[in-house]
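Per chain, numbering begins at 1; letters A, B, ... match sequence-line order.
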Number of protein chains: 2
Amino acid sequence: MAAARLMVQARGYNALSFRELAKEVGIKSASIHYHFPTKDDLAVALARRYTEDLVLHLQNVASKSKDAHERMTAYAEIFRGALLRSNRMCLCGMLAAERDDLSPQVQEEVQKFNAANVAWLSEVLAACDPHQSPDALERRAFAILSAVEGAQLVARGCGDVRVYDRTIDAYRSAGLMP
Amino acid sequence: MAAARLMVQARGYNALSFRELAKEVGIKSASIHYHFPTKDDLAVALARRYTEDLVLHLQNVASKSKDAHERMTAYAEIFRGALLRSNRMCLCGMLAAERDDLSPQVQEEVQKFNAANVAWLSEVLAACDPHQSPDALERRAFAILSAVEGAQLVARGCGDVRVYDRTIDAYRSAGLMP
DNA sequence: ACCTGAACACCGTTCAAGT
DNA sequence: ACCTGAACACCGTTCAAGT
């Protein structure tokens with residue numbers, strides 16, 4: 001699964017080949033079908049674990065600092081890290097792009113990833129503006145997730161992490177994120 | 001090319017099949033190779049024409065109104081339109097996601113698309129803040145392009161245009177775009 | 001319980017052959 | 001100039017057969 005995740009983050013779900021993956025982990029492609037009957041089952045498992053790992057990481061970040069600016073920096077650092085690891089993309093961002101090739105089950109997992117991000121970001125924002133309504137916080141959180149995903153997508157297209165850094169800076173100086 | 005563009009915007013470059021495309025336009029897959037020797041040649045042609053069409057459209061928008069807010073609304077409407085057309089994505093956003101499966105030539109075309117967007121957005125922003133440096137304008141323009149691409153990507157993942165609309169509103173109320 | 005080789009219909013690509 | 005059928009090595013998937 002670790003190998004598959006890296007492949008999808010680098011080249012997309014459609015470009016992931018069972019035979020290639022099998023060679024990577026030292027078994028035959030037919031053997032992978034024993035663990036994941038279809039390619040879609042693998043995608044569901046990948047998205048689920050990806051979200052689990054993110055949630056754990058975000059809990060860790062929140063426990064380390066209560067400052068909204070520091071937390072947001074740590075958040076942006078997650079998506080930055082993917083770019084640093086061979087210009088890779090967020091797994092669920094990639095799956096969102098390839099949405100029409102995926103089953104409703106995978107799409108549901110992508111939604112759960114988005115929801116986990118929005119929930120965490122909303123809490124960070126709440127500490128910033130305690131007078132805002134939960135709905136307004138959620139919309140702002142959704143906007144930050146979208147903006148960061150977009151920054152990663154465009155920076156990846158440029159093949160340059162500095163583009164990502166400059167864009168995050170621009171978001172901040174515009175007042176989109178703390 | 002029109003049929004191919006729609007297919008890539010819907011399901012991605014990797015999911016585009018020469019045989020499927022051939023069936024759509026009523027010839028055999030081998031015949032497509034006469035016009036586009038490789039799949040990559042087709043991708044280059046698609047990206048180039050896509051950017052040309054965008055530039056023409058943006059010129060048209062600029063000629064219709066000099067108001068920055070109205071121009072920005074028309075800009076956001078372009079990416080909104082793709083979502084309305086069967087939840088499709090910006091062609092070059094899709095190609096940016098699939099970057100590692102594409103030749104340097106296609107990547108160059110994606111860069112040109114980005115550059116065309118940034119140039120147009122910079123002009124709109126210059127009318128708003130005439131005292132800003134060209135460099136600051138360009139960074140802000142880049143941030144807007146990234147944010148809009150991200151809004152489209154995440155909203156597509158949700159399969160709901162209203163998510164896109166809410167996100168663009170949030171960008172505006174945060175002060176990211178006029 | 002886990003793996004494999006062989007088969008199936010798909011894919012991009014090539015090429016000799018047709019008009 | 002444009003199209004085609006047949007072939008090549010790839011792909012996900014299935015399945016009977018192995019340990």
Student: For C:dC2, what is the paired nucleotide under Watson-Crick or G-U wobble rules, both distances under 3.5 Å?
Tutor: D:dG18

Student: Between A:Arg140 (side chain) and A:Leu125 (backbone), is there a donor-acceptor pair under 3.5 Å?
Tutor: no

Student: Side-chain atoms of residues 126-135 of chain A: list all donor-acceptor pairs with protein atoms under 3.5 Å, sequence neighbours left out, distances to 0.1 Å.
Tutor:
residue	atom	partner	partner atom	Å
A:Ser133	OG	A:Ala136	N	3.1
A:Asp135	OD2	A:Arg139	NE	3.1

Student: A quick test of your reading: do over 12 heavy atoms of other residues, nucleotides or ligands sit less than 6.0 Å from CD of A:Glu123?
Tutor: no

Student: How would you summarise protein contacts on nucleotides 3-15 of chain D per nucleotide, using B for base, S for sugar-phosphate only and - for none, with heavy-atom distances below 4.0 Å?
Tutor: SBB-B---BBBB-

Student: Should B:Asp101 and A:Arg11 count as an ion pair when the cut-off is N to O under 4.0 Å?
Tutor: yes

Student: Does anything in residues 2-13 of chain A reach DNA chain D, meaning a heavy atom under 4.0 Å, and if so which residues?
Tutor: none

Student: Ion pair present between A:Glu52 and A:Arg49, side-chain N to carboxylate O less than 4.0 angstrom?
Tutor: no

Student: Quick check on the hydrophobic clustering: are B:Val8 and B:Met1 connected, directly or via other members, by side-chain heavy-atom contacts under 4.5 Å?
Tutor: yes

Student: Cluster question for you: counting only ILVMFWY and a side-chain heavy-atom cut-off of under 4.5 Å, with indirect links fine, are A:Leu6 and A:Phe113 together?
Tutor: no

Student: Name the pairing partner of D:dG12, where a pair is Watson-Crick or G-U wobble with both distances under 3.5 Å, or state none.
Tutor: C:dC8

Student: Given A:Met94 and A:Tyr13, is the side chain to side chain contact (heavy atoms under 4.5 Å, CB included) satisfied, shown in steps?
Tutor: CA-CA 8 Å; A:Met94 185 66 90; A:Tyr13 169 78; 5.8 Å; no

